[in-house]
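Convention: sequence-line order gives letters A, B, ...; per-chain numbering from 1.
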Number of protein chains: 2
Amino acid sequence: MTAPREATRDRILEAAEHVFADKGYHDALVDEVATATALSKGGVYFHFPSKEDLFFAVVDRLADRLISKVERESSTQPTAIGRAEAALTAVFSALGKRRRLARLLMVQGYSMGNAFERKRVELFGRFASLIRQRLDEASAAGEIPPVDTTIVAHIWLGAINELVIRWLYSGEPAPMEALPILRSVLVEGTRASHAGRVAGEAGNG
Amino acid sequence: MTAPREATRDRILEAAEHVFADKGYHDALVDEVATATALSKGGVYFHFPSKEDLFFAVVDRLADRLISKVERESSTQPTAIGRAEAALTAVFSALGKRRRLARLLMVQGYSMGNAFERKRVELFGRFASLIRQRLDEASAAGEIPPVDTTIVAHIWLGAINELVIRWLYSGEPAPMEALPILRSVLVEGTRASHAGRVAGEAGNG
DNA sequence: TCAAGACGACCGACCGGTCGGTCGGTTGCG
DNA sequence: CGCAACCGACCGACCGGTCGGTCGTCTTGA
């Protein structure tokens, strides 16, 4: 296990994570990643075919970890709405504790330009699904009204996103301070929601 | 009024709006703006000192217009919570009708790199204030609980942001379809919210 | 046992296209 | 004439990606 080959690959990913998080995709130099890995540029290109591939590998790795963590932490709650709320809390506090993770996943990709669109949809789609699945359970269990859970999940995710970015850029409010309000507004709002496509097809996407 | 000087400036801003919205800051070329304005690069640089200044001028111009429009449309409601809801609706549907506006304000700035942070805080802060002011009135009138309206305003704005970006990138759901759910979840959630800094200082931002 | 070759991992100088910005020059209006 | 407005060829820093080469380790076979 961990053949030396994989070990080097991981070191590159680790270094790239730091560099991309600090500088953003565009301003990050492959040479910086190489130096931080104690490798030359050619060495980096031996393991990754392009800067773009390297960036996506970094993002995917972080997203996988975050998603596992959230699934683990939110699975212990007894009620479906409780699991949805736990997922919300887990995503928000994980991002709120690690600036680097948050910067990378929520901000720095855009500097790739329009090539990031696809990845952004996929990435946020995965996060939204985490929440949506729980909301679907809650809806099936009658714990919340039968709204379009995809839209509601994106509303939740968007709220998280904005609070995290604002915290990243301005330092306030501290996530732990904002969390109770976030939870309250979104959970109560979802419980009390009454509009939208109530009947028929909710998941035509 | 509209001295020829200002007229040319406006033509540049108009062209730049298109180019930046399509390509993003980084991938947009000053030469493209010049060509689209039927001007040379030197001509553009006669009116704007740098590409960065030009971009900010475009953003500020659009933000000013959007804010005036929202203020106008949301001021007619009789109740404070009604005005807050109208502001939400106005922002969301304005962005939902004009892809170019939405792309420019919500996405394409990031490709500037970290130099955009400051502007992003300012820009989103202005939009959030639109909502926050109405929430403050609602709070004072006892129409909603005394929560931290700055945080709630950012929750609203974040939800708008995510739904708009998702629509921009994937084409669905159509804003007009999502709006009722958005309104319902956020307004009811704000009405029913109970947690957070209830006492003492709510507006320390 | 050990030279001879093969190979994976890595090096780093270099290439080549790109693009923001400059500047000497031109135009036309008052 | 004089100045504002504009032209467009040119500069030069920048950086992703390439490629011929190196070096240590493994394989082979006599």
Side-chain angles (χ1 to χ4, degrees), chain A residues 1-59 104 108-116 119, chain B residues 1-59 104 108-116 119:
Chain A
M1 305 304 108
T2 47
R5 166 147 194 174
E6 288 302 309
T8 303
R9 213 186 122 93
D10 278 355
R11 272 168 46 223
I12 296 173
L13 286 170
E14 202 76 30
E17 183 184 317
H18 281 76
V19 175
F20 282 130
D22 281 355
K23 310 287 187 81
Y25 178 83
H26 178 68
D27 290 342
L29 307 185
V30 177
D31 273 315
E32 290 181 282
V33 176
T35 303
T37 322
L39 231 55
S40 72
K41 182 150 64 173
V44 172
Y45 275 95
F46 179 79
H47 289 275
F48 295 92
S50 72
K51 183 183 178 182
E52 202 172 295
D53 282 83
L54 174 57
F55 181 75
F56 285 151
V58 169
V59 168
L104 236 160
Q108 300 295 35
Y110 291 101
S111 79
M112 271 190 64
N114 298 345
F116 184 60
K119 199 71 190 177
Chain B
M1 307 298 110
T2 47
R5 167 145 197 176
E6 288 303 308
T8 303
R9 214 186 123 94
D10 277 355
R11 272 168 48 224
I12 297 173
L13 286 170
E14 203 74 31
E17 183 183 317
H18 282 75
V19 176
F20 282 130
D22 281 354
K23 309 288 187 80
Y25 178 82
H26 179 68
D27 291 340
L29 307 184
V30 177
D31 273 317
E32 291 180 283
V33 176
T35 302
T37 321
L39 229 53
S40 73
K41 183 149 65 169
V44 172
Y45 274 94
F46 179 79
H47 290 274
F48 295 91
S50 72
K51 183 183 177 182
E52 202 171 295
D53 281 85
L54 174 57
F55 181 75
F56 285 152
V58 169
V59 168
L104 236 161
Q108 299 296 35
Y110 291 100
S111 78
M112 271 190 62
N114 298 345
F116 185 60
K119 199 71 190 178

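In this entry the distance linking CD1 of B/I12 with P of D/dA5 reads 11 Å, nearest Å. Rounded to an integer number of Å, the gap from A/L39 CG to C/dC11 C1' is 9 Å. Here D/dC6 presents its C1' atom at 16 Å from CZ of B/R9, a figure rounded to the nearest Å. Distance CD (A/E32) to C1' (D/dC14): 13 Å, rounded to an integer number of Å.
Side-chain contact between A/V30 and A/Y45 is present, with at least one heavy-atom pair separated by less than 4.5 Å. With contacts defined as side-chain heavy-atom distances shorter than 4.5 Å, the pair B/F116/B/F55 qualifies. Here the side chains of A/D27 and B/N114 are not in contact, with every heavy-atom distance at 4.5 Å or above. Between A/E32 and A/K23 the shortest side-chain heavy-atom distance falls below 4.5 Å. Put simply, the side chain of B/L39 reaches to within 4.5 Å of the side chain of B/R11, judged on heavy atoms. With a 4.5 Å cut-off on side-chain heavy atoms, B/F20 and B/K51 count as touching. Counting heavy atoms from C-beta on, the side chains of A/I12 and A/F46 never come closer than 4.5 Å.
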Could you go through nucleotides 17-23 of chain C and list every protein N or O atom that sits under 3.5 Å from one of its N or O atoms, giving the distance for each pair?
from: C/dG20; atom 1: OP1; to: B/A28; atom 2: O; distance (Å): 3.2
from: C/dG20; atom 1: OP1; to: B/K51; atom 2: NZ; distance (Å): 2.8
from: C/dG20; atom 1: OP2; to: B/V30; atom 2: N; distance (Å): 3.2
from: C/dG20; atom 1: N7; to: B/K41; atom 2: NZ; distance (Å): 2.9
from: C/dG21; atom 1: OP2; to: B/Y45; atom 2: OH; distance (Å): 2.7
from: C/dG21; atom 1: OP2; to: B/K51; atom 2: N; distance (Å): 3.0
from: C/dG21; atom 1: N7; to: B/K41; atom 2: NZ; distance (Å): 3.1
from: C/dG21; atom 1: O6; to: B/K41; atom 2: NZ; distance (Å): 2.7

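Neither OP1 nor OP2 of C/dG8 sits under 4.0 Å from any side-chain N or O of A/R5. Taking side-chain N and O atoms only, B/T8 has no distance below 4.0 Å to OP1 or OP2 of D/dA5. Close to D/dG8, at under 4.0 Å from its OP1 or OP2, lies no side-chain N or O of B/S40.
Within the 3.5 Å criterion, the main-chain N or O of B/Y25 finds a donor-acceptor partner in the side chain of B/S111.
From A/T37, atom OG1 reaches atom CG of A/L13 across 9.0 Å, with rounding to the nearest 0.5 Å. We find the CG-CD distance between A/L54 and A/E17 to be 11.0 Å, quoted to the nearest 0.5 Å. Remark: B/H47 NE2 to B/D53 CG distance equals 14.5 Å, nearest 0.5 Å.
Residues of residues 108-116 of chain A that place a heavy atom closer than 4.0 Å to DNA chain C do not occur. If you check residues 14-21 of chain A against DNA chain D, you find no residue with a heavy atom closer than 4.0 Å.
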